[in-house]
Amino acid sequence: MSKNKLSFADKLLHWFDDHGRKDLPWQQDISPYRVWVSEIMLQQTQVKTVIPYFQRFMESFPTVTALANSEQDEVLKHWSGLGYYARARNMHAAAIMVRDEFNGEFPRDIENIQHLKGIGRSTGAAILSIASNLPEPILDGNVKRVLSRVFAVEGWAGKSAVLKELWTLAEQTTPKTRNADYTQAIMDLGATLCTRSKPRCDDCPMKSDCIAFADSRQAELPAKKPKKIIPEKKTIMLIVKDEAGDVFMQKRPPTGIWGGLWCFPQFETQHEAENWTQEFLGEWSEKVQRHDVLSHTFSHFKLHIQPLIIQLKAPIKMSVMEKTDKLWYNVNTEFNGGLAAPVSTLLNTLVRQ
DNA sequence: AAAGCGGGGCA
DNA sequence: TGCCCAGCTTT
């Protein structure tokens with residue numbers, strides 16, 4: 001390791017001592033479990049949004065064993081609105097694995113910790129570094145941005161050659177001592193100063209070392225992901241109300257979009273929706289109401305949702321009542337399961353009046 | 001309204 | 001090794 005690289009860590013740590021954030025909820029009572037939960041949540045969401053989710057999660061699932069002993073519906077309920085629901089499912093599976101295969105303790109080495117679902121090299125390293133002060137380098141989005149700028153790494157990090165170069169730089173810059181502080185410091189620098197747009201270079205401890213700053217290339221580095229045109233799809237969401245005002249909902253398959261979350265029945269056409277209602281639920285008393293289309297963007301397609309509301313009058317056929325993946329939801333009660341954002345939106349705007 | 005964000009799973 | 005998976009914030 002060159003002298004230059006050592007001073008990188010020293011400068012960063014000095015800055016962190018004076019200016020870094022140390023009062024975030026997951027920086028208190030540090031444990032592998034708390035760091036793990038925060039890291040998974042922070043993968044997809046900003047600090048400000050994560051804080052209330054983290055606190056609710058910790059109140060309900062104070063330990064990894066408590067999480068393992070919970071129902072998936074309960075876990076997804078705490079994740080509703082955060083997105084990337086596969087990560088909540090993975091966390092639940094990983095907690096069960098820690099309970100059953102690791103005696104309730106997180107593995108303390110980078111190889112074994114990656115056997116847990118949802119934990120790769122960077123997240124595993126963050127847990128080991130922050131919770132146990134082990135000298136593992138991390139490479140999350142913040143670190144990628146900082147390293148790309150300081151060392152002028154060319155190319156998009158989605159390319160394996162670029163990613164490899166970034167990992168090498170991460171290994172070379174990560175110190176053996178004060179590793180936990182260093183990991184928090186470099187993430188903090190990326191989150192607060194070395195931001196994607198308008199970085200505050202004048203306040204940055206790496207200013208004198210940063211090639212992007214020297215060359216005024218902060219806006220070009222890191223290289224952006226190539227643009228892709230995403231397809232658009234349409235669906236009808238059918239909101240069926242029974243005589244009591246309860247709403248019919250069904251659980252989605254365990255994997256795929258909104259896996260394990262509760263949703264309204266979906267159809268391609270209004271005709272199909274009406275036929276299905278007739279066949280499985282009975283007669284309806286009012287005309288089918290169409291409501292405004294709600295558009296929802298995923299990473300790989302855009303979904304246009306046409307909500308339909310049907311009010312039933314005849315009694316419900318028993319067959320649908322018996323299934324565990326179908327239910328009638330009393331909208332004035334708390335929902336015990338995961339709900340995708342547009343489903344929550346529809347419940348709030350069209351059902352709970 | 002459109003762009004940008006991030007990491008792991010899996011074919 | 002390249003594509004799939006979300007929903008929120010920022011511009």
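Below, all heavy atoms of this structure are taken into account, side chains as well, without hydrogens, waters or symmetry copies. Below, read A as the first sequence line, B as the second, and so on, with proteins coming before strands; counting in each chain starts at 1.
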**Study point:** Nucleotide of C:dA6, B:dG6, B:dG9 approaching A:Asn142 most closely (side-chain heavy atoms)
**Key:** B:dG6

Exercise for review: Please evaluate the base of B:dG8 for a donor-acceptor partner in the side chain of A:Arg87 within a cut-off of under 3.5 Å?
Suggested key: no

Check your understanding: What is the nucleic acid contact for A:Arg89, judged by heavy atoms within less than 4.0 Å: base, sugar-phosphate only, or nothing?
Key -> nothing

Exercise for review: State whether A:Thr123 places a side-chain N or O below 4.0 Å from either non-bridging phosphate oxygen (OP1 or OP2) of B:dG8.
Suggested key: yes

Practice item. Can you label the angle between the A:Phe57 ring and the A:His78 ring as parallel, tilted or perpendicular, going by 30° and 60°? Key: perpendicular

**Study point:** A:Ser132 side chain to A:Arg108 side chain, donor-acceptor N/O pair below 3.5 angstrom
**Key:** yes

Check your understanding: Hey, which of these two, A:Lys198 or A:Gly259, hits DNA chain C nearer its 5' end, going by closest nucleotide?
Key -> A:Gly259

Practice item. Classify the nucleic acid contact of A:Thr297 as base, sugar-phosphate or nothing, counting any heavy atom under 4.0 Å across all strands shown. Key: base

Practice item. Let me know the distance between CG of A:Leu294 and P of B:dA1, rounded to the nearest Å. Key: 12 Å

Review point. How do A:Lys225 and A:Gln114 order along DNA chain B: which one's closest nucleotide is nearer the 5' end?
Key: A:Lys225

Point to revise | Check: A:Tyr329 and A:Phe248 side chains under 4.5 Å, non-hydrogen atoms | key: no

Practice item. Take atom CG of A:Leu139 and atom P of B:dG8, then tell me their distance rounded to the nearest Å. Key: 10 Å

Point to revise | Whole-Å P distance, B:dA11 and C:dA6 | key: 16 Å

**Study point:** Residue A:Arg196, side-chain heavy atoms: nucleotide from B:dG8, B:dG4, C:dT9 that is nearest
**Key:** B:dG4

Exercise for review: Could you tell me whether A:Lys144 contacts a base, only the sugar-phosphate backbone, or nothing, with contacts defined as non-hydrogen atoms closer than 4.0 Å?
Suggested key: sugar-phosphate

Practice item. Take atom CD1 of A:Ile230 and atom C1' of B:dA3, then tell me their distance rounded to the nearest Å. Key: 11 Å

Check your understanding: Is it true that atom CD of A:Glu154 has more than 12 heavy atoms of other residues, nucleotides or ligands lying nearer than 6.0 Å?
Key -> yes

**Study point:** Euclidean distance, atom CZ of residue A:Phe301 to atom C1' of C:dA6 [Å, nearest integer]
**Key:** 10 Å

Check your understanding: So does A:Gln43 get a side-chain nitrogen or oxygen closer than 4.0 Å to the phosphate oxygens (OP1/OP2) of B:dC5?
Key -> no

Review point. Contact class for A:Thr45 (heavy atom, under 4.0 Å): base, sugar-phosphate, or nothing?
Key: nothing

Check your understanding: Applying the 4.5 Å side-chain criterion to the ILVMFWY set and letting contacts propagate, would A:Ile127 and A:Val50 be lumped into a single cluster?
Key -> yes

Check your understanding: Any side-chain N or O of A:Trp258 under 4.0 Å from OP1/OP2 of C:dG7?
Key -> yes

Practice item. Describe the nucleic acid contact of A:Gly256 in one word from base, sugar-phosphate, nothing, applying a heavy-atom distance below 4.0 Å. Key: sugar-phosphate

Exercise for review: Please tell me which of the listed nucleotides, B:dG7, C:dG7, B:dG9, lies nearest to the side chain of A:Ala341?
Suggested key: C:dG7

Point to revise | Separation between the P atoms of C:dT11 and B:dG6, rounded to whole Å | key: 13 Å

Exercise for review: Could you tell me the separation between the CZ atom of A:Phe298 and the C1' atom of B:dA3, rounded to a whole number of Å?
Suggested key: 18 Å

Exercise for review: Would you kindly give the NZ-to-C1' distance between A:Lys224 and B:dG6, to the nearest whole Å?
Suggested key: 15 Å

Practice item. Kindly say if A:Arg145 contacts the phosphate of B:dG6, meaning a side-chain N or O under 4.0 Å from OP1 or OP2. Key: yes

Point to revise | Shortest non-hydrogen separation from A:Trp167 to A:Pro137 and the atoms involved | key: CZ3-O, 3.4 Å

Point to revise | Short side-chain N/O contact from A:Tyr84 to OP1 or OP2 of C:dC4, under 4.0 Å | key: no

Check your understanding: Closest heavy-atom contact between A:Gln28 and A:Arg34?
Key -> O-NE, 3.1 Å

Revision key, fill the gap. Whole-Å distance, A:His300 NE2 to B:dG6 P, equals 15 Å

Review point. Using a cut-off of less than 4.0 Å, is there contact between a side-chain N or O of A:Ser197 and OP1 or OP2 of C:dT11?
Key: yes

Check your understanding: Does a side-chain N or O from A:His296 land closer than 4.0 Å to OP1 or OP2 of C:dG7, or not?
Key -> yes

Review point. Given that A:Gly158 and A:Ser80 both sit by DNA chain C, which one's nearest nucleotide is further toward the 5' end?
Key: A:Gly158

Check your understanding: To the nearest Å, how far apart are A:Lys233 NZ and C:dC5 C1'?
Key -> 12 Å

Practice item. Map A:Leu42 and A:Leu116 onto DNA chain B by nearest heavy atom, then report which one ends up closer to the 5' terminus. Key: A:Leu42

